[in-house]
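What follows is a short report on a single structure.
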Protein chains: 2
Amino acid sequence: MAFGMDRSPAARTVWLQGLKEARKACGLSQAGLGAKVGLPQSHISRIESGAVDVGLSTLLEISRSLGLEPIAVPRVLVPAVRSLMRADSRDGSPPPRPAYVLDDERA
Amino acid sequence: MAFGMDRSPAARTVWLQGLKEARKACGLSQAGLGAKVGLPQSHISRIESGAVDVGLSTLLEISRSLGLEPIAVPRVLVPAVRSLMRADSRDGSPPPRPAYVLDDERA
DNA sequence: CACATAGATGCGTAAAAGCATATATATGTT
DNA sequence: AACATATATATGCTTTTACGCATCTATGTG
């Protein structure tokens, strides 16, 4: 039937959920994260709740400020990449300590 | 100095460039891609040119229809993932043949 | 209670998404 | 060559929505 591919909040929830967890793993509040990337806390709230469809630029800023880089991975490689990520989170270091924040940590 | 982190077109260009190449590798026109994901060709044009800041939902739809899955990878693992992707694109199969399109290829 | 700190909500504005149309850029025909 | 035809990308304009500011509602804690 080819129904025009989901643009509902649920479609992006899994992604947003990941970012939210990453934020908490960094010990950041919505306001804290907002301050880091120059966004109002209100917007972070709406993004995480799926109320708005966040733009790519904002998504990149948020992800990177949490030590994450969004990469378009070929579908066949997704399992390999996920496995790589699981292995890494078992190395002994607690959560991925976002870095020892040098004021504006560019990357 | 902490200048409020780039939200300019240039900041997302590299990402968009990748999508554009993926589209061409799939032998799709902007209109063809638009039809697949239920978006007007005009919008694909503006997205690829960086004229607009594409939303996450749309980005996911486009990426997935091209056989790509956007994943937030911890920065330390980015080189490993990229290396994995390079290795895969050397396996003998020409471009990543988007799949043998079953009308609406959900995934 | 007062005073934090964390997240949500109303509203105005700038910008993304959508529709129609215009501009390439080929390829073919007389 | 000029003309048609087809396909690929860009642009003007309208509607919808992301983003930003202020405010409000939790949920603590002394």
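A note on names: the letters A, B, ... follow the listed sequences, proteins ahead of strands, and every chain is numbered from 1.
Contact check, A:Gln41 against C:dA6: no side-chain N or O comes under 4.0 Å of OP1 or OP2. In this model, the phosphate group of D:dC19 is approached by a side-chain N or O of A:Thr58 to a distance below 4.0 Å at OP1 or OP2.
One interatomic measurement links the two molecules: NZ of A:Lys36 to P of C:dA6, which rounds to 15 Å at whole-angstrom precision. If you take CZ of B:Arg12 and P of C:dA15, they are 11 Å apart, rounded to a whole angstrom. Following rounding to the nearest Å, A:Ile47 (CD1) and C:dA6 (P) show an atom-to-atom distance of 18 Å. Going from atom CD of B:Gln30 over to atom P of D:dT11 covers 11 Å, rounded to whole Å. In this structure, CG of A:Leu28 is placed 14 Å from C1' of C:dT5, rounded to the nearest angstrom. If you measure from atom CZ of B:Arg46 to atom P of D:dT11, you get 8 Å, rounded to the nearest angstrom.
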Apply side chain to side chain contact (heavy atoms under 4.5 Å, CB included) to A:Gln30 and A:Arg23, showing your working.
-> CA-CA 8 Å; A:Gln30 292 181 344; A:Arg23 171 176 66 80; 3.7 Å; yes
Check the pair A:Leu59, A:Leu19 against side chain to side chain contact (heavy atoms under 4.5 Å, CB included), reporting the backbone distance first and the verdict last.
-> CA-CA 9 Å; A:Leu59 185 76; A:Leu19 279 196; 3.7 Å; yes
Decide side chain to side chain contact (heavy atoms under 4.5 Å, CB included) for A:Trp15 and A:Ser63; before the verdict, give the C-alpha distance in whole Å, the side-chain angles of both, and the deciding distance to 0.1 Å.
-> CA-CA 11 Å; A:Trp15 236 92; A:Ser63 301; 4.1 Å; yes
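When atom types are taken as modelled, the side chain of A:Arg12 and the backbone of A:Gly50 share a donor-acceptor pair closer than 3.5 angstrom.
Comparing A:Asp53 and B:Ser42 by the nucleotide of DNA chain D that holds the closest heavy atom to each, the one mapping nearer the 5' end is B:Ser42.
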